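Shown next, in structure tokens, is the structure this report addresses.
Side chains are part of it too, since the values below use all heavy atoms of this structure and drop only hydrogens, waters and symmetry mates. Small disclaimer: the values here were computed from a predicted structure and weren't measured.
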Amino acid sequence: MSSFTLTPLAVEPYFDLELLLSISQETRVGGAMMEQLSAAWERWVPQAHAQQVTTADGSYLLVWLGDIVESDVDEKWDSSPSEAFLYNALAQVMCMGLVHSLVPEVEDAGCAPAPKPTELLAQAIATEGISYLTPGEPALSRRFGVLTHYPYQGGCELCALYTHCPKAGGTQCGPAGVVLPGFE
């Protein structure tokens, strides 16, 4: 018997044009490029995955995009860096759209706090072919992947990246500054 469970979560990412423009640092995207991005979005939707990971340490949301997305973005870097930048932003929007739909508080807080890596969590995500880039560090092996608390439990003060985060170290850490009761 494993000491964790994985529960697939049915969710379809929603396209957020405002987030795309913000991440890509663009003020507008032309019609031909928008058609390319729309086609990529449709191709990538089946590559969007979400799982609830439950361990003795807690419950987490694991969201990631499949290999096809990373390959598409890499191919664009080889042919057109400016288009690749938009494709990369589109993949980030898709990934965060999944997170926002399942944990809406993350959108308000402005980030998805990374949980402290544990051996159980590492074992659980490994069953999906995902690992930590460096054991004991919160960065994931998937370029387009997010692991955060599920349900929402608080922001900066729970994040394993807190000491290295420019947002948390400055005055930008806003609405997520309180740990919710029961999650101390």
Side-chain angles (χ1 to χ4, degrees), residues 4-26 41 44-66 69 88-118 120-125 127-128 130-133 136-184:
F4 59 83
T5 59
L6 296 171
T7 307
L9 300 171
V11 65
E12 186 169 324
Y14 62 89
F15 180 73
D16 184 338
L17 180 59
E18 183 179 7
L19 184 58
L20 176 67
L21 293 174
S22 175
I23 289 174
S24 67
Q25 300 173 14
E26 296 286 346
W41 184 273
W44 295 351
V45 166
Q47 295 292 308
H49 307 282
Q51 296 267 357
Q52 179 177 359
V53 180
T54 306
T55 71
D57 302 323
S59 180
Y60 308 93
L61 173 64
L62 175 63
V63 167
W64 74 100
L65 305 180
V69 178
N88 190 73
L90 182 69
Q92 291 175 22
V93 167
M94 180 175 277
C95 196
M96 289 314 296
L98 291 167
V99 174
H100 292 166
S101 67
L102 293 164
V103 188
E105 297 90 346
V106 165
E107 188 170 12
D108 295 335
C111 70
K116 180 180 177 190
T118 66
L120 277 176
L121 205 43
Q123 289 173 14
I125 66 175
T127 63
E128 293 297 338
I130 300 171
S131 61
Y132 288 110
L133 281 177
E137 296 292 325
L140 300 176
S141 62
R142 298 307 311 207
R143 193 173 332 148
F144 306 110
V146 173
L147 180 64
T148 192
H149 300 275
Y150 185 70
Y152 185 79
Q153 296 177 12
C156 295
E157 64 288 334
L158 296 175
C159 187
L161 297 168
Y162 182 81
T163 57
H164 305 292
C165 178
K167 180 180 175 186
T171 59
Q172 298 175 30
C173 191
V178 175
V179 176
L180 297 178
F183 296 111
E184 297 85 7

Exercise. Would a distance-only check, ignoring hydrogens and angles, find a side-chain to backbone donor-acceptor pair under 3.5 Å from Ser24 to Leu20?
Worked result: yes

Seminar exercise, completed: Taken to the nearest 0.5 Å, the spacing of Arg143 CZ from Asn88 CG works out to 7.0 Å

For this session: Apply side chain to side chain donor-acceptor pair (under 3.5 Å) to Asp16 and list each qualifying residue two or more places apart in sequence or on a separate chain.
Result: none

Exercise. What closest approach, in Å, do Val69 and Ala91 show between heavy atoms, and which atom pair accounts for it?
Worked result: CG1-CB, 3.7 Å

Exercise. Which is it for Gln52 and Ser59 under the side chain to side chain donor-acceptor pair (under 3.5 Å) test, yes or no, and what are the steps along the way?
Worked result: CA-CA 7 Å; Gln52 179 177 359; Ser59 180; 2.8 Å; yes

For this session: Could you grab the distance from atom OG of Ser141 to atom CD of Glu128, nearest 0.5 Å is fine?
Result: 11.5 Å

Problem set entry | Residues forming a side chain to side chain donor-acceptor pair (under 3.5 Å) with Glu26, sequence neighbours excluded | none

Exercise. For the atom pair CG (Leu62) and CG (Leu140), what is the distance rounded to the nearest 0.5 Å?
Worked result: 7.0 Å

Seminar exercise, completed: What one should report as the nearest heavy-atom pair of Pro115 and Leu147 is CD-O, 3.2 Å

Seminar exercise, completed: Contacts of Gln47 meeting side chain to side chain donor-acceptor pair (under 3.5 Å) (sequence neighbours excluded), chain-then-number -> none

For this session: Sequence neighbours left out, what passes ring pair (Phe, Tyr, Trp, His ring centres under 6.0 Å) with Phe15? Give chain and number order.
Result: Trp41

Seminar exercise, completed: Sorted by chain and residue number, the ring pair (Phe, Tyr, Trp, His ring centres under 6.0 Å) partners of His49 (sequence neighbours excluded) come out as Trp64

Exercise. How many angstroms lie between atom CD of Gln51 and atom CD1 of Ile130, to the nearest 0.5 angstrom?
Worked result: 8.5 Å

Exercise. Rounded to the nearest 0.5 Å, what separation is found between the CG atom of Leu65 and the CD atom of Gln92?
Worked result: 10.0 Å

Seminar exercise, completed: Minimal heavy-atom distance between Val11 and Ser101, with the atoms involved, is CG2-OG, 3.0 Å

For this session: With rounding to the nearest 0.5 Å, note down the distance linking OG1 in Thr118 to CG in Leu120.
Result: 5.0 Å

For this session: Apply ring pair (Phe, Tyr, Trp, His ring centres under 6.0 Å) to Tyr60 and list each qualifying residue two or more places apart in sequence or on a separate chain.
Result: His149

Exercise. Closest approach of Glu137 and Tyr132, non-hydrogen atoms and distance?
Worked result: O-CD2, 3.0 Å

